[in-house]
Amino acid sequence: MNPDTHLLYEYMNKLPFTVRVKVHLDAPVDSAVLYHAAQEAIARFPYFSVRVGLDENQSYTLERNDRPLPVLPERCERLVLGGDETNNHLFVITYKDDWVWFNFPHSICGAYGALFWVKTTLYLYLCGLYGPLDAPEDIRLPGTPISDEELAYPDESKMPHDEPSAHYVGDSNVAMKRGLNYLFNPFVKDENYYYQLDIPASDLMDYATRIDGTPNTILTAAMFKMASRFFKEKKGTHLSGRIAADYRDDLDARASYRDFVRFIHVRYEWDMRDASMEELSKVARRAIKEQNLPVLGRERFFKINKVQRGIDEQPTLKKKKRFALSNSSFRSDPRDPWSVSYVGRVDWGGMARHIKGAYTISDGDLILEVNALPDLFCIAFQLFGKDDRPLRLFCEVLDEEGIPYVVSERLTRYSPKIQLP
């Protein structure tokens with residue numbers, strides 16, 4: 001069982017499970033310096049320097065790739081990870097003007113794990129331009145040892161298999177038509193967009209203090225207000241959102257590069273549409289308290305392992321893919337119209353003064369991907385299709401609450417494809 005390949009079996013053209021971390025620098029990119037930094041940095045992360053193979057059991061494998069890591073000009077088209085242009089690499093860097101994109105498959109890691117590679121690369125690049133900078137405390141520089149904990153995969157047999165006392169109950173189907181129409185309607189174009197929305201950190205944190213909230217609960221409450229104005233109320237339905245929760249501590253896997261994320265589901269009823277942000281934030285905080293439990297994190301881990309074992313047991317690649325799609329942990333989650341994903345405060349060290357913005361771009365509809373710089377919350381507001389009403393309604397909520405923001409024009413995600421054997 002290779003935990004780093006399981007999402008590759010669920011790959012779809014319109015849902016590729018790829019991620020982009022997009023960083024805005026304070027000067028145009030020097031491609032030669034960036035190329036040198038990229039080669040030096042990737043040497044510290046051999047588990048990212050890989051290509052996809054296929055073994056005798058028709059299972060995907062990740063093989064060492066010693067070819068140079070591509071550093072390519074960003075184009076208005078989707079990059080193909082694992083292809084000829086990218087030297088068969090799955091982790092690839094692109095650039096344009098004063099922007100740098102770090103492209104990678106979600107199967108191997110999420111933003112949490114990839115940010116170590118991102119920070120190391122940027123640190124080496126910026127030091128190459130400006131001279132020595134204060135390094136973040138958690139940076140993983142070339143030459144530093146790779147610990148067993150960094151590479152280890154948690155051992156299920158050594159964990160307690162307690163039964164959770166309760167599970168979240170609820171399925172909000174009001175947005176299903178949007179997602180299904182985008183993913184499976186052959187006449188719907190690959191219209192996958194996002195908006196960069198910046199909120200000054202001091203303003204958001206002052207607001208959080210006033211209503212006893214957190215960035216996660218505030219954004220979830222604001223998204224509920226948006227959704228209650230965007231979707232039409234239907235009898236017997238409710239509105240719910242989900243908050244990404246990192247559960248690596250539940251598995252004693254703090255140092256792992258892998259993605260251990262599940263979702264906290266926050267249920268709202270239609271008649272709460274006029275409630276205050278403070279009341280709505282409390283609903284989210286209560287959901288986090290009730291659902292952010294180690295037993296639920298372990299249960300998620302056991303479920304994913306069971307799916308991976310089931311994939312391995314299938315005799316052909318076609319059947320492995322079919323099994324993965326039918327038993328997907330991501331697709332079997334309760335359906336929520338919107339999501340908030342915030343990796344928390346990131347230590348950028350002395351790099352921070354050269355970074356003007358940092359955005360995570362992923363799959364999905366009505367998703368807020370949130371990164372925090374010392375003075376700025378950088379949000380990628382992600383949507384299927386060109387209808388920007390959800391964004392405008394969300395900004396309307398921010399206006400009502402007196403939270404300042406700056407929003408970009410509509411941008412195309414260009415989520416990378418993956419070339420698979």
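The first residue in the sequence is number 1, and the count goes up from there.
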Parallel, tilted or perpendicular: which one describes the rings of [X] and [Y], with boundaries at 30° and 60°?
X	Y	value
W99	W101	tilted
F102	W117	perpendicular
F48	F45	parallel

### Message
Among K22, R20, R413, which residue satisfies the side chain to side chain donor-acceptor pair (under 3.5 Å) criterion with Y194?
### Response
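With Y194 as partner, side chain to side chain donor-acceptor pair (under 3.5 Å) holds for just one option, K22.
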Do we see a donor-acceptor contact under 3.5 Å between the side chains of [X] and [Y]?
X	Y	result
R285	T214	no
D399	Y405	yes
S339	R242	yes
H167	E299	yes
Y257	D4	yes
Q291	Y168	no
D198	Y359	yes

### Task
Let me see the working for R300 and S329 under side chain to side chain donor-acceptor pair (under 3.5 Å), right down to the final yes or no.
CA-CA 8 Å; R300 175 74 169 194; S329 299; 5.3 Å; no
Hey, does [Y] have a side-chain heavy atom less than 4.5 Å from the side chain of [X]?
X	Y	answer
I108	V50	yes
K417	P16	no
M159	D252	no

### Task
Just grab all the salt bridge (charged side-chain N to carboxylate O under 4.0 Å, His left out) pairs involving residues 47-58, residues at least two apart or on different chains.
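For residues 47-58, and leaving out neighbouring residues, there are no salt bridge (charged side-chain N to carboxylate O under 4.0 Å, His left out) pairs at all.
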Just how far is it from atom [atom1] of [X] to atom [atom2] of [Y], taken to the nearest 0.5 Å?
X	Y	atom1	atom2	answer
N327	K303	CG	NZ	9.0 Å
R44	R140	CZ	CZ	6.0 Å
F17	S107	CZ	OG	9.5 Å
L398	D203	CG	CG	11.0 Å
S326	E10	OG	CD	9.5 Å

### Task
Could you name each residue pair satisfying ring-ring contact (aromatic ring centres under 6.0 Å, His included) that touches residues 376-398, not counting sequence neighbours?
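Counting only pairs at least two positions apart or across chains, the ring-ring contact (aromatic ring centres under 6.0 Å, His included) contacts touching residues 376-398 are Y182-F384, Y342-F377, F381-F394.
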### Message
List the residues meeting salt bridge (Lys or Arg N to Asp or Glu O under 4.0 Å) with E77, not counting sequence neighbours, and say none if there are none.
### Response
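Only R75 meet the salt bridge (Lys or Arg N to Asp or Glu O under 4.0 Å) criterion with E77.
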### Task
Report the residues that fulfil salt bridge (Lys or Arg N to Asp or Glu O under 4.0 Å) with E156, sequence neighbours left out, ordered by chain and then residue number.
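E156 satisfies salt bridge (Lys or Arg N to Asp or Glu O under 4.0 Å) with R309 once adjacent residues are dropped.
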### Which residues share a side-chain contact (heavy atoms from CB on, under 4.5 Å) with F184, sequence neighbours left out
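Checked F184 against side-chain contact (heavy atoms from CB on, under 4.5 Å); matches are M12, L180.
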Under a 4.0 Å N-O cut-off, is there an ion pair linking [X] with [Y]?
X	Y	answer
D190	R78	yes
R229	E400	yes
D347	K119	no

I need the minimum non-hydrogen distance between [X] and [Y], along with the two atoms involved.
X	Y	result
S408	L411	OG-CD1, 3.8 Å
L90	P105	O-CD, 3.2 Å
T18	P416	OG1-O, 2.9 Å
L383	R178	CD2-NH2, 4.0 Å
S415	S362	OG-O, 4.3 Å
P200	P404	CD-O, 3.5 Å

For [X], does the [atom1] atom sit with more than 12 other heavy atoms under 6.0 Å from it, leaving out its own atoms?
X	atom1	value
E63	CD	yes
D134	CG	no
N305	CG	yes
K319	NZ	no
D26	CG	yes
K282	NZ	no

Does the [X] side chain pair with the main chain of [Y], one donor and one acceptor, at a distance under 3.5 Å?
X	Y	answer
S281	M277	no
H265	S240	no
S328	L325	no
N65	R67	yes

### Query
Should the pair R248 and F260 be classed as cation-pi, given the thresholds of under 6.0 Å to the six-membered ring centre and 45° from the axis?
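No cation-pi geometry.
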### Criterion side chain to side chain donor-acceptor pair (under 3.5 Å) on Y414 and E74, from CA distance to verdict
CA-CA 10 Å; Y414 295 120; E74 173 73 10; over 6 Å; no
### Query
With Q382, which of L366, L368, T360, I361 fulfils side-chain contact (heavy atoms from CB on, under 4.5 Å)?
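Looking at L366, L368, T360, I361, the match for Q382 under the side-chain contact (heavy atoms from CB on, under 4.5 Å) is I361.
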### Task
Go through the steps to decide whether D30 and Y95 satisfy the test side chain to side chain contact (heavy atoms under 4.5 Å, CB included), and finish with yes or no.
CA-CA 9 Å; D30 184 319; Y95 66 91; over 6 Å; no
### Task
Please step through ring pair (Phe, Tyr, Trp, His ring centres under 6.0 Å) for the pair Y60 and Y9, ending with a clear verdict.
CA-CA 8 Å; Y60 289 135; Y9 296 97; 4.7 Å; yes
### Message
What verdict does the side chain to side chain contact (heavy atoms under 4.5 Å, CB included) test give for V19 and E369, after you've listed the backbone C-alpha separation in whole Å, the side-chain angles of each residue and the deciding distance to 0.1 Å?
### Response
CA-CA 11 Å; V19 185; E369 289 281 1; over 6 Å; no
### Task
Decide side chain to side chain contact (heavy atoms under 4.5 Å, CB included) for R258 and Y47; before the verdict, give the C-alpha distance in whole Å, the side-chain angles of both, and the deciding distance to 0.1 Å.
CA-CA 10 Å; R258 295 182 175 90; Y47 42 82; over 6 Å; no
### Task
Check the pair D388 / R410 against side chain to side chain contact (heavy atoms under 4.5 Å, CB included), numbers first and verdict last.
CA-CA 8 Å; D388 67 351; R410 183 178 67 238; over 6 Å; no
Side-chain donor-acceptor pairs of residues 33-40 under 3.5 Å, sequence neighbours excluded:
{"unit_1": "Q39", "atom_1": "OE1", "unit_2": "L69", "atom_2": "N", "d": "2.8"}
{"unit_1": "Q39", "atom_1": "NE2", "unit_2": "Y35", "atom_2": "O", "d": "3.4"}
{"unit_1": "Q39", "atom_1": "NE2", "unit_2": "L69", "atom_2": "O", "d": "2.8"}

